[in-house]
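One structure is given below, encoded as structure tokens.
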Amino acid sequence: MRTQYRWFWLLLAAVMLSALVGASSLPAQAAEKSLVWERFDVDIQVNSDGTFDVTEHQAIRFIDGTFTFGYRDIPKRNFSYLSDWSVTDAAGNVYTQAMGGALPFTFVVDDSGGSYTIRWYFPETNQAQTYTLRYRVHDGLRYYADGDQLWWKAVYADRQFPVLESRVRVLVPSPATIDQWAAYINEEDARDSVVAELLGDGRTIVFDTLRTLRAGEELEVRVQFTAGVLAGAAPSWQSAADARAAQLESEQAFRNRWGPVATVLLGVLTLVMLLGGPALVYLMWYKYGRDKPVARIADYLPEPPDNLPPGLAGTLLDDSADMQDVVATVVDLARRRAISITELKEEGFFRMGTDFIYRRERDDVPLSAFESRLLKDIFGSGDEKRLSKLKNKFYKDIPDIKTAMYDDLIERGYYRSNPETVRSQFGCLGGGVMIGAGLLSVALMVLLIDLTAAAILPGIGFVAIAASLLIAARFMPRKTDAGAEAAARWKAFREYLRNIDKYADIAAQKEIWDRWLPYAIAFGIDKEYIRKFEQINAPAPGWYIPSPSMYGPYHRRYYGPGAHPIGLPGGGGGEGGSPEGGSFGGGLSDASRGMGTSLAAMSAGLGSLLNSTSSTLTSRPSSSSSGGGWSGGGGFSGGGSFGGGGGGGGGGGFG
């Protein structure tokens, strides 16, 4: 691979992006025009005076669109100048050279200093045609003691469409004979894609392509013939070109020697990283992130193993304070009569849906620090709040609530450090390794891509290590021994709730079923848990009031004299509005039966409450970031054996 491709890999992404953007803005007519070179044949006649004549036969099949001109651009490289221009076509038209304009059957040659550009014009057509372009090259040969040489890029690379077939014929003057030759496609040896035949007189060689030359592929031919036959001497540019060729020769020899070694070494290094990197990350987790192994406490526990609040129990089991733990805490506060929740159906021409009114009730309910923080963030300085009023606002409070929950578990001796902080630290480490992998890949490609394509492999190995760290970060928070033992007991209780119908007579449990509902929510099994008690006609929980009209009569009876008189005659009002009076239709003789209605009758509302609470508390304004608040041939006697050093080439096309 040549040195000038060093930056190819670095720029590939940018080029692809530019192409995508540019393609969307191409003029419609450019996209509609297309063609193919049926043949691109070149005849090169070397003259005794040291010049050589180039004749290009371009057989074009126009596919889409109409065309009125063709052009050819030849950079001034490794020759002095071009002369004797002519253009003809297969119909026998001889084009006239003009100083300007665009009349049919004329052509214009422009010498811009850096290149020659010829444009020839013809009547508008979409039919197949063959155009023949001729010109003479001065001071374009190379002179060596062992033989003079012709290097010429016969088929240029700067074109948008393919060349299906190509033949290049080189003829040298008598008494010279051809003794060496080579062909290159995009500067790489093309002996697998081009065949060469030296004709009987030894003065003519014909190169034929064996495959299509794709857009962007150029064909260069080189021929060496008897020295001292032609007039002339080595041109001024030859020494620099030879030095460049010698440099490329040396670079190729270095690649041939050390490229395979580098490939093996980099491959082994990458394999070690791909296998050893994740293994080291696993060992790191095993030593620093794995909880103490705890023997199975029991198949199940029918009671909570300690007084840990539901939200903290859920956090302890998965090492993450998430929204289901917050929702479980809200429901637990309601179950303990610290708050009440009233369903509010809103119907109207412009608005229809379900809202919920949260009310502070009893002040004598013991609260932990994170529960107090949660209530403060919900109610502020008031005693009543509609859930909808927390939309796009409450998400700002979630990080502090999470921190308070983690702090509570640390204070209880279940963790030594905040699990979220531990995850962030290892996540940052993985991100740092990922950035380092990118920088390493760039550095290795800049330094070694000319030596071996395997230069990209170590970067892939580092990416694997970084990905392992990012995955392991989720599992790195480590409980203390006490925390691991507590988690084992809570897992046994979770098993009981998950299969309560297997381990207990749930008909006997239906009067107090909502006692464990907050834990079921925190453990993520609330839907199955509720469904089981719904099927046996369990009573509705007393803290869930299905209508504002039922709140007033029910309030004193359920919450007692120590409750806030919200919405009652003589009491303070709130966002929920003043409730109307009314009866419950089922009696209030037993507070545990709530309002005398069944769970089946209000399970849809309870499900809506749980879903709405989670989605509302994590909602963000549309302008905020999304994602929630949680988380050839023979050699040559001079000049080297590499393509790319010849004249010609450039570009061309039709429009």
Side-chain angles (χ1 to χ4, degrees), residues 303-315 325-343 356-387 390 394 397 400-401 404-405 407-409 411-412 511-522 539-546 548 550-576 578-579 584 588-596 606 609 613 617:
E303 296 281 342
D306 53 49
N307 63 349
L308 196 64
L312 297 186
T315 301
D325 300 321
V326 175
V327 175
T329 301
V330 171
V331 172
D332 187 52
L333 290 170
R335 185 193 63 80
R336 289 153 54 194
R337 308 194 185 192
I339 64 173
S340 65
I341 303 174
T342 302
E343 182 179 339
F356 297 91
I357 305 170
Y358 287 30
R359 294 184 175 95
R360 293 290 300 266
E361 297 294 352
R362 302 188 62 90
D363 290 330
D364 56 353
V365 177
L367 301 174
S368 64
F370 85 92
E371 291 172 333
S372 297
R373 178 61 188 253
L374 176 60
L375 291 177
K376 182 179 181 300
D377 290 337
I378 291 176
F379 293 102
S381 59
D383 291 323
E384 184 176 312
K385 179 74 70 172
R386 286 194 185 191
L387 179 61
L390 299 174
F394 190 83
D397 300 315
D400 290 335
I401 296 172
M405 296 174 74
D407 288 345
D408 195 316
L409 288 169
E411 186 177 343
R412 294 171 184 263
E511 298 294 333
I512 56 171
W513 74 276
D514 67 318
R515 177 188 301 178
W516 311 138
L517 176 60
Y519 290 103
I521 296 171
W543 45 266
Y544 184 85
I545 304 169
M550 299 180 180
Y551 178 75
Y554 180 67
H555 177 266
R556 289 195 182 92
R557 184 70 175 267
Y558 186 75
Y559 290 100
H564 290 264
I566 298 176
L568 298 178
E575 294 180 12
S578 299
F584 298 105
L588 297 171
S589 59
D590 186 355
S592 68
R593 292 197 59 86
M595 291 160 287
L606 180 58
L609 165 67
T613 301
L617 297 186

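Just so it is clear, the structure is predicted and the values come from calculations on it, not from any experiment.
- For the pair W516 (side chain) and E303 (backbone), a donor-acceptor distance under 3.5 Å is absent.
- Checked against side-chain contact (heavy atoms from CB on, under 4.5 Å), A404 has the following partners two or more places apart in sequence or in another chain: F370.
- Nearest heavy-atom pair, V330 versus L374, reported as atom, atom and distance to 0.1 Å: CG2-CD2, 3.9 Å.
- Scanning for side chain to side chain donor-acceptor pair (under 3.5 Å) contacts around Y519 gives an empty result, with sequence neighbours left out.
- Nearest heavy atom pair, residue S372 against residue L367, reads OG-CB, 3.5 Å.
- Taking the side chain as every heavy atom from C-beta outward, L409 and T315 approach each other to under 4.5 Å.
- Side chains of K385 and I357 form no contact here, defined as non-hydrogen atoms less than 4.5 Å apart.
- With sequence neighbours excluded, no residue satisfies side chain to side chain donor-acceptor pair (under 3.5 Å) with T329.
- G314 and D325 make their closest contact through CA-OD1, 3.4 Å (heavy atoms, listed as atom of the first residue, atom of the second, distance).
- Taken from CZ in R359 to CG in D383, the straight-line distance is 11.0 Å, to the nearest 0.5 Å.
- The OG1 atom of T342 sits 8.0 Å away from atom CD of E384, with the distance rounded to the nearest 0.5 Å.
- Across every non-hydrogen atom of P309 and R412, the tightest pair is CD-NH2, 3.6 Å.
- With sequence neighbours left out, the side-chain contact (heavy atoms from CB on, under 4.5 Å) criterion links T613 to V327, Y358, L387, L609, L617.
- For the atom pair CD of E361 and OG of S340, the computed distance is 3.5 Å after rounding to the nearest 0.5 Å.
- Of the inter-residue distances, the one linking W543 atom CH2 with R337 atom CZ reads 12.5 Å to the nearest 0.5 angstrom.
- The line from CD1 of I401 to CG of D397 is 5.5 Å long, rounded to the nearest 0.5 Å.
- The distance from the CZ atom of F356 to the CG atom of L390 is 13.0 Å, given to the nearest 0.5 Å.
- Under the side chain to side chain donor-acceptor pair (under 3.5 Å) criterion, D400 pairs with R373, not counting sequence neighbours.
- Taking each heavy atom of P518 and V331 in turn, the nearest pair found is CG-CG1, 4.0 Å.
- Here D332 pairs with R335, R336 under the salt bridge (charged side-chain N to carboxylate O under 4.0 Å, His left out) rule; sequence neighbours left out.
- Two residues are said to be in side-chain contact when any heavy atoms from C-beta on lie closer than 4.5 Å; E371 and L333 meet this criterion.
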